[in-house]
Each structure stands twice: as structure tokens, then as C-alpha cells.
Amino acid sequence: MRVAVFGARSYDKEFFSAENQNFGHELVFLEAHLNATNATLAAGFEGVCAFVNDALDGECLAKLSDSGVRVVALRCAGFNNVDLEAAESLGISVVRVPEYSPHGVAEHAVALILALNRKIHKAYNRVREGNFLLEGLLGFNLNTKVVGVIGTGKIGLAFCEIMKGFGCSILAYDPYPNETLAANGIQYTDLEDLLKKSDIVSLHCPLTPETYHLIDDEAISKMKDGVMLINTSRGALVDTSSVIKNLKSGKIGYLGLDVYEEEGDLFFEDISNRILEDDTFARLLTFSNVLITGHQAFFTSDALKNIATTTLQNLTDIDQGNACPNRVTSDLVKTTQKEK
Ligand code: NAD
């Protein structure tokens, strides 16, 4: 199939080109993010490959359809940026990559915990400047600490297993508990109890209307003083203004973020030559006990390989008229909780 790969970065080109040796699609890589304004770039392509920041609303999809596009292959799990009903009415198939690196994301959450606890980000700079003082670098043993895990799906499960390896006690909250985890020494409890008892709280649930600002003033007030909060899930699970207030008071002792509620204007771009206009994000950057990465938890070579292989297989399935297990339909959205 002839496919326009929108928003393509060097790593997308590398992994898709390598995996495509096994599929033989004709891939054309475009740097632009797909939206209604530039959808006509897809003229002459049967497929488009899109990512999280592409905007496939009704107008964009109508233009894609007029250009001859019949499949949208998302190289991500989320599909909140596609108007599925519009796609269906235009006869455009939408496919995605539902799972690509649960271990990679879980390991990144652990990397944030370790770095924050042992202040690796500070130590790195100090040593480079010839400052070998230890004051300000004091950490704590993870062994025996209580880790609260909110959401025990694929990533939460991998995270629990790693933290168990450190000798932590795991408390979990999930409206749909995983019986295997419960049988393996992970204790399920309600959210309030988890927040009260945990030294570290790590978020691994999806963003839905129910989980929007799950961590707000009220939730933080229930947490231990000096708690460590980790969010590698979705930015808007956390009310950033509440978090800033509680960092200032010392209630939150450590904050590790891979996601941010207004990340759409910042992440995946180099804006180092521009003025940072987001005052809230700028305030977060002033705290030495806050460590932020730019939505890179998924970013491992294993994940990129899986993303490329699954996306190319999805395209082949649609091209050959096979049943594609990774097809997304509006029915699927109605029967599962849709991420915002
Ligand atoms: P998953 O669907 O396997 O698991 C999500 C779990 O959350 C499920 O067990 C579900 O029952 C639970 N859940 C739903 N509502 C909840 C609530 N109100 N409170 C507590 N738990 C709730 O998803 P996953 O693959 O484990 O991914 C988890 C999240 O990680 C995704 O939703 C996504 O937002 C995020 N993610 C981030 C990155 C990254 O690079 N930072 C990459 C992939 C996924």
C-alpha cells in the first residue's frame, strides 16, 4: 500500500524502513503533523500513518477521503484524536497499536523514582563541576517502603513486579482488580487507604472523565507528608496547580512526570529558541525535587520496533481484506472507557 507517514521523526523513518523490508509497503515520510489544513498532502496515497498530535477531525477525514485515502493507521494506542464516526461514514478504516511497551513505560516510572530519591540529576551536575559534597543528596531505602499503584493494567502490572523486586509493599487500586496480582502478594485497597498509606504513589490508569484531576487538593491532603508522586500515564490525571501548591508547602516531597496536562504545546518539539509561555510549566521547572521528561516513557528500541511491525501488519491486513484485530470502531469506544 502507498502510505504517507505524517509527523515522521528520524527514529520513525529508521524503524519503519527497517521493518518494512518484511512488508513491502511504499512509505513516504512527511514531517508535517496531519490536520485539516494539510490533509491534501495525502493525495495519491491509499493510507496515512498518524501519531498522537495529529488532528483527524471530520474535516480532515473528509479531505483524506476525497484524496483517495481508505485507511488511517495510528502508530499509537490512543485514538482520541480521530473522529471515528466520521471515518466510518466515509468508509475509512482506522487501526492502531494497542500495546507496544508496557515494560518500557514501567521501567521509566522506576527510573524517575530512583533518580528523584537519590537525586541523580543533582549529583550529575555537581560531579561535573567538581563539587563532591553530599549535603542535599540524602535518599531513602526503597526496601520496605509502601508503593501505591493506581491502575493495574499492563503497565501497572509490570511496575508492581519491579517494585516488588526492591522489597517494597505494594498497595493497588483499580476498579477491575487483577486476580493474579492479588494472589502474588499485591494488596488491593480503596483509593483513600492507598493515598493515606503510600510513601510513593504511581499513576497507571487511563484518562477518562472519571479520572480527570484524580490527584487534586483533596487527594493530596490524604497523602503522607513528603510523598513521592509519579505520573507516566496522562497529564490531566493530575491538577498541576494543586501539585505546585503542595510542592511549595512540602506536602509533596518529590514529583516525577513524563506527562503534563498542557503538553500538546510543548512535547515532541525543540522549542529551546523560543520563550516558554506556559507559566505553570515554568514554575514546575524551578523545583529541584521535580523531574520532568517529555513523554518518553514508551521510547525504547523494543517499543519502536513493535509499533512499526504492528502498524505495517495492520496496513497489510486492511490491504488484503483480512480481519484486523487492531481495528478501532465507534462501537469499541462505546463499550470501553474512552481516553480524553
Ligand atoms: P491498561 O488498559 O492495560 O490498564 C489501565 C488500567 O487502569 C486498567 O486495569 C483499568 O481497570 C484501570 N483503571 C481504569 N479506571 C481506573 C480508575 N478510575 N482508577 C484506577 N484504575 C483505573 O493500560 P496500560 O497499557 O497499562 O496503560 C496505562 C496508561 O499509561 C494509559 O492509559 C496511557 O495513558 C499511559 N501510557 C503512557 C505512555 C508514555 O509513554 N508515558 C505510553 C503508553 C501508555
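We number each residue from 1, following the sequence as shown. Side-chain atoms are counted along with the backbone in the values below, which use heavy atoms only and exclude waters and symmetry mates.
Counting only distance, with no hydrogens or angles, the side chain of Asn322 and the backbone of Cys324 share no donor-acceptor pair below 3.5 Å. Looking only at distances, no side-chain donor or acceptor of His213 sits under 3.5 Å from a matching main-chain atom of Thr240. The backbone N or O of Phe15 sits nowhere less than 3.5 Å from a side-chain atom of Asp12 that would complete a donor-acceptor pair. Judged purely by atom type and a 3.5 angstrom limit, Thr311 uses its side chain to pair as donor or acceptor with the backbone of Ile307. A side-chain donor-acceptor contact under 3.5 Å links Thr208 to the backbone of Glu210. A side-chain donor-acceptor contact under 3.5 Å links Arg96 to the backbone of Ala77. At least one donor-acceptor pair under 3.5 Å links the side chain of Arg126 to the backbone N or O of Leu133. With hydrogens and angles ignored, the 3.5 Å screen pairs a side-chain donor or acceptor of Asn81 with a backbone N or O of Phe51. A donor-acceptor contact shorter than 3.5 Å links the side chain of Asn38 to the backbone of Asn35. Of the possible donor and acceptor atoms, one in the side chain of Asp258 sits under 3.5 Å from a partner among the backbone N and O of His295.
Between the side chains of His108 and Thr300, no donor-acceptor pair of N or O atoms lies under 3.5 Å. His204 and Ser202 are linked by a side-chain donor-acceptor pair at a separation below 3.5 angstrom, with hydrogens and angles left out of the test. Counting only N and O atoms by type, the side chains of Thr280 and Glu262 include no donor and acceptor under 3.5 Å apart.
Enclosure of atom NZ in Lys222 by more than 12 non-hydrogen atoms of other residues, nucleotides or ligands within 6.0 angstrom is indicated. Around the CD atom of Gln187, the shell of radius 6.0 Å holds no more than 12 heavy atoms that belong to other residues, nucleotides or ligands. The number of heavy-atom neighbours closer than 6.0 Å to CZ of Phe132, taken from other residues, nucleotides and ligands shown, is above 12. Heavy-atom contacts from other residues, nucleotides or ligands closer than 6.0 Å to NE2 of His33 number more than 12. Counting heavy-atom neighbours within 6.0 Å of Lys251 NZ, excluding the residue itself, gives a total above 12. The environment of CG in Leu138 is sparse: at most 12 heavy-atom neighbours from other residues, nucleotides or ligands sit within 6.0 Å.
Counting heavy atoms from C-beta on, the side chains of Asn117 and Leu142 come closer than 4.5 Å. Val52 has its side chain out of reach of Arg75: every pair of non-hydrogen atoms, C-beta onward, lies at least 4.5 Å apart. Put simply, the side chain of Leu247 reaches to within 4.5 Å of the side chain of Val290, judged on heavy atoms. Looking only at side-chain heavy atoms (C-beta outward), Leu137 and Arg118 stay at 4.5 Å or farther from each other. In this structure, the side chains of Val97 and Cys76 stay at 4.5 Å or more apart for every pair of heavy atoms. Residues Glu46 and Val69 form no side-chain contact, since every pair of their non-hydrogen atoms from C-beta on lies 4.5 Å or further apart. Contact check for Val95 versus Leu74: no side-chain heavy atoms found under the 4.5 Å cut-off. Two residues are said to be in side-chain contact when any heavy atoms from C-beta on lie closer than 4.5 Å; Tyr254 and Leu229 fail this criterion.
Ionic pairing of Arg9 and Glu269 is present here: one or more N-O contacts between side-chain nitrogen and carboxylate oxygen are shorter than 4.0 angstrom. Look at Asp193 and Lys197 and you find a salt bridge, because one of the NZ, NE, NH1 or NH2 atoms lies within 4.0 Å of a carboxylate O, short of that distance. Between Asp190 and Lys196 there is no salt bridge, since no side-chain N of the basic residue sits under 4.0 Å from a carboxylate O of the acidic one. The pair Arg2-Glu26 meets the salt-bridge criterion, with a side-chain N (NZ, NE, NH1 or NH2) lying under 4.0 Å from an Asp/Glu carboxylate O.
At a threshold of 4.5 Å between side-chain heavy atoms, the hydrophobic network of Ile, Leu, Val, Met, Phe, Trp and Tyr places Leu194 and Ile230 in two separate groups. Side-chain heavy atoms closer than 4.5 Å link hydrophobic residues (I, L, V, M, F, W, Y) into clusters, and following such links, even through other members, never connects Ile215 to Ile200. A single hydrophobic cluster is not seen to contain both Val259 and Phe268; linkage of ILVMFWY side chains at heavy-atom distances under 4.5 Å, directly or through other members, places them apart. Residues Ile292 and Ile271 share a single hydrophobic cluster, defined by chaining ILVMFWY side chains whose heavy atoms lie under 4.5 Å apart. Under the 4.5 Å side-chain contact rule for hydrophobic residues, Val48 and Phe79 share a cluster.
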Checklist entry - Given Ile220 and Met223, is the side-chain contact (heavy atoms from CB on, under 4.5 Å) satisfied, shown in steps? => result CA-CA 5 Å; Ile220 296 168; Met223 295 181 189; 4.3 Å; yes
Does the pair Asn231 and Ser233 meet the rule for a side-chain hydrogen bond (donor to acceptor under 3.5 Å, both in side chains), with working shown? CA-CA 6 Å; Asn231 187 8; Ser233 209; 4.9 Å; no
Handout entry: Worked check of side-chain contact (heavy atoms from CB on, under 4.5 Å) between Leu214 and Leu191
Key = CA-CA 10 Å; Leu214 181 75; Leu191 185 58; 3.9 Å; yes
For this session: Decide side-chain hydrogen bond (donor to acceptor under 3.5 Å, both in side chains) for Ser93 and Arg327; before the verdict, give the C-alpha distance in whole Å, the side-chain angles of both, and the deciding distance to 0.1 Å.
Result: CA-CA 7 Å; Ser93 304; Arg327 209 168 161 154; 3.1 Å; yes
Passes side-chain contact (heavy atoms from CB on, under 4.5 Å), Cys49 versus Phe16? Steps please.
CA-CA 11 Å; Cys49 179; Phe16 271 81; 4.3 Å; yes
Please assess Val94 against Leu84 for the test side-chain contact (heavy atoms from CB on, under 4.5 Å), listing each intermediate value before the final yes or no.
-> CA-CA 8 Å; Val94 180; Leu84 292 174; 4.0 Å; yes
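The distance from atom CG of Leu304 to atom OG1 of Thr309, rounded to the nearest 0.5 Å, is 10.5 Å. The distance from the NZ atom of Lys63 to the CG atom of Leu34 is 10.5 Å, given to the nearest 0.5 Å. Distance check, rounded to the nearest 0.5 Å: CG of Asn131 to CG of Asn125 gives 10.5 Å. To the nearest 0.5 Å, the span separating OG on Ser249 from CD1 on Ile244 amounts to 12.5 Å. To the nearest 0.5 angstrom, Leu27 atom CG is 11.0 Å from Met1 atom CE. Residue Leu284 holds its CG atom at 6.5 Å from OH of Tyr260, rounded to the nearest 0.5 Å.
Here the shortest heavy-atom pairing between Ala115 and Leu291 reads CB-CD2, 3.5 Å. What you find for Phe45 and Val3 is that their closest heavy atoms are CD2-C, 3.4 Å. Taking all atoms of both residues into account, the shortest heavy-atom contact from Asp317 to Pro325 is OD2-CD, 4.0 Å.
Aromatic pair Phe29/Phe6: ring centres not closer than 6.0 Å.
Checked against ring-ring contact (aromatic ring centres under 6.0 Å, His included), Phe298 has no partners two or more places apart in sequence or in another chain. With sequence neighbours excluded, no residue forms a side-chain hydrogen bond (donor to acceptor under 3.5 Å, both in side chains) with Ser89.
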Identify every side-chain donor-acceptor pair in residues 145-167 under 3.5 Å, counting partners at least two apart or on other chains, and give the distances.
from: Lys145; atom 1: NZ; to: Asn141; atom 2: O; distance (Å): 3.1
from: Thr152; atom 1: OG1; to: Asp174; atom 2: OD2; distance (Å): 3.2
from: Thr152; atom 1: OG1; to: Tyr188; atom 2: OH; distance (Å): 2.6
from: Lys164; atom 1: NZ; to: Asn184; atom 2: O; distance (Å): 2.8

